[in-house]
Amino acid sequence: MQKYIDLVDSALRECVKIKDNPQKKIYEAMGYSLFAGGKRLRPVIMMMTAKMLGKEPEIVLPFACAIEMIHTYSLIHDDLPAMDNDDLRRGKPTNHKVYGEATAILAGDALLTLAFETAISCDFEGVCKKSVIRAAAELAKAAGADGMIGGQIVDIDSHDEDEELLKYLHSLKTGALIRASGVIGAILSGAEGKQIDAIDGFCKNLGIAFQIQDDILDVEGNEADLGKPIGSDAENNKSTYVTLFGIEKARSLSEEYTRKAIHCLDIFENSGELCALAEKLIRRKA
Ligand code: GRG
């Protein structure tokens, strides 16, 4: 994964350079969370998808940066006192703990808007312009009320979720950006309908497996590896795959969804990297 992470990291550094102007504090706050050490999962999925489809990963780089900015904004806002009120994220004090609540809200907002500026302010040589517009629409939808934000509001408003509601809310809250990563990678690479559907299926199943592992780590993970306290789901009385099914069944479910994800890629010859990524994610410690 490292070559993809290096690619997106250096592109992100170019996007969020601290300027010597009166608003330089906002760039500092944006960069603080962006470079706090995330896994870069969503950009990696996007670039691996392009590679699998025979394209250079660089062609999706503006959108790969954009999706990481949106993901980081969601983490900053999710940690705010009005949401989860968390003190630690990615092993460091949360954005509002360092810069204050008002600046953290603005840093999240600025990352969201910079994401779209970055995604569409590029020449996209060799990429059909209609595909760029379609990719931008996918990104907006995945981040919005029928995507990540929709999942968050269902999460806030519901208690004692059953399996169906849990799956629904995570398909939006966690799943929408993961799905968009693969689908946007496919669209920008000029994939056809059947290929896009297969990548969509891969990402949907991967997103569920990823969330189940997230729930497992909240119970039996290591705080030093995770960079945040464990046990927050239990503390907040949250329904999770672990509270619904127990740890062993949750583990077998995450295996099952990973198998389903990998099966979706059967139509591709070069799916090795994405399959290995899926395997790695359910064994991850952070
Ligand atoms: C408040 C705008 C807003 C959105 C809230 C996505 C979300 C909705 C909140 C993020 C917090 C959260 C616990 C999401 C569920 C699982 C998840 C997406 C975990 C973090 O993703 P990783 O593991 O994080 O990819 P890193 O730090 O590695 O990038």
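Start at 1 and go down the list; that is how both ligands and their atoms are numbered. This one's a predicted model, so the numbers in the text were calculated from it and none came from an experiment.
Residues Ile262 and Ala278 come closest through the heavy atom pair CG1-CB, 4.2 Å.
Residue-to-ligand polar distances keep Glu68 apart from ligand 1: every N/O pair is separated by 3.5 Å or more. At a 3.5 angstrom cut-off on N or O pairs, Lys39 counts as close to ligand 1. For ligand 1, the polar-atom distance check against Asp78 finds no nitrogen or oxygen pair separated by under 3.5 Å.
Per-residue contacts place Met148 under 4.0 angstrom from the following atoms of ligand 1 (heavy atoms of the residue considered): 6 (C), 8 (C). Atoms of ligand 1 found under 4.0 Å from any heavy atom of Ile149 (numbered from 1 in listed order, with element): 2 (C). Numbered from 1 in the order shown, with element, the atoms of ligand 1 that lie under 4.0 Å from a heavy atom of Gly38 read 26 (P), 27 (O), 28 (O), 29 (O).
The protein non-hydrogen atom at the shortest distance from atom 20 (C) of ligand 1 is His71 CE1, 3.9 Å. Remark: minimum distance from atom 15 (C) of ligand 1 to any protein heavy atom is reached at Thr174 OG1, 3.5 Å. In terms of protein heavy-atom proximity, atom 14 (C) of ligand 1 is nearest to Lys173 CE, 3.8 Å. Nearest non-hydrogen protein atom to atom 8 (C) of ligand 1 is Gln152 OE1, 3.5 Å. Here the heavy atom of the protein found nearest to atom 17 (C) of ligand 1 is Phe210 CE2, 4.3 Å. Atom 10 (C) of ligand 1 has its closest protein heavy atom at Leu75 CD2, 3.6 Å. The protein heavy-atom contact nearest to atom 2 (C) of ligand 1 is Tyr73 OH, 3.4 Å. For atom 18 (C) of ligand 1, the closest non-hydrogen atom of the protein is Arg42 NH2, 3.5 Å.
If you check the side chains of Thr174 and Gln211, you find a donor sitting under 3.5 Å from an acceptor. With hydrogens and angles left out, the side-chain atoms of Tyr4 and Glu273 include a donor and acceptor closer than 3.5 Å. Counted by atom type alone, Asn95 and Ser33 present one or more donor-acceptor pairs between their side chains at under 3.5 Å. Using a 3.5 Å distance cut-off with no hydrogens or angles, the side chains of Lys19 and Tyr27 do pair a donor with an acceptor. Between the side chains of Ser252 and Glu255, no donor-acceptor pair of N or O atoms lies under 3.5 Å.
Distances from atom 3 (C) of ligand 1 to the heavy atoms of Ala36, Ser74, Ala143 put Ser74 nearest. When the options Asp233, Leu226, Ile156, Asp214 are ranked by their closest heavy atom to atom 19 (C) of ligand 1, first place goes to Asp214. For atom 29 (O) of ligand 1, the nearest non-hydrogen atom from the set Arg90, Gln213, Arg284, Arg89 belongs to Arg90.
Judged by the 6.0 Å and 45° rule, Arg251 forms no cation-pi pair with Tyr241.
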Could you walk me through whether Glu138 and Arg179 pass the salt bridge (charged side-chain N to carboxylate O under 4.0 Å, His left out) check? CA-CA 10 Å; Glu138 283 286 345; Arg179 179 188 162 272; 3.5 Å; yes

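Cluster annotation: Phe116 is connected to Leu188 through the hydrophobic network of ILVMFWY side chains, with a link wherever side-chain heavy atoms come within less than 4.5 Å. Both Ile199 and Met1 are assigned to one and the same hydrophobic cluster, defined by single-linkage of ILVMFWY side chains at heavy-atom distances under 4.5 Å.
Of the residues Asp84, Asp155, Asp218, Asp215, the one that meets the salt bridge (charged side-chain N to carboxylate O under 4.0 Å, His left out) test with Lys238 is Asp155.
Side-chain atoms of Asn21 come within 3.5 Å of backbone atoms of Gln23 as a donor-acceptor pair (strictly under, hydrogens ignored).
Using 4.0 Å as the threshold, His170 has no heavy atom nearer than that to any atom of ligand 1. Assignment of Gln211 to the shell around ligand 1 is supported, since a heavy atom sits closer than 4.0 Å.
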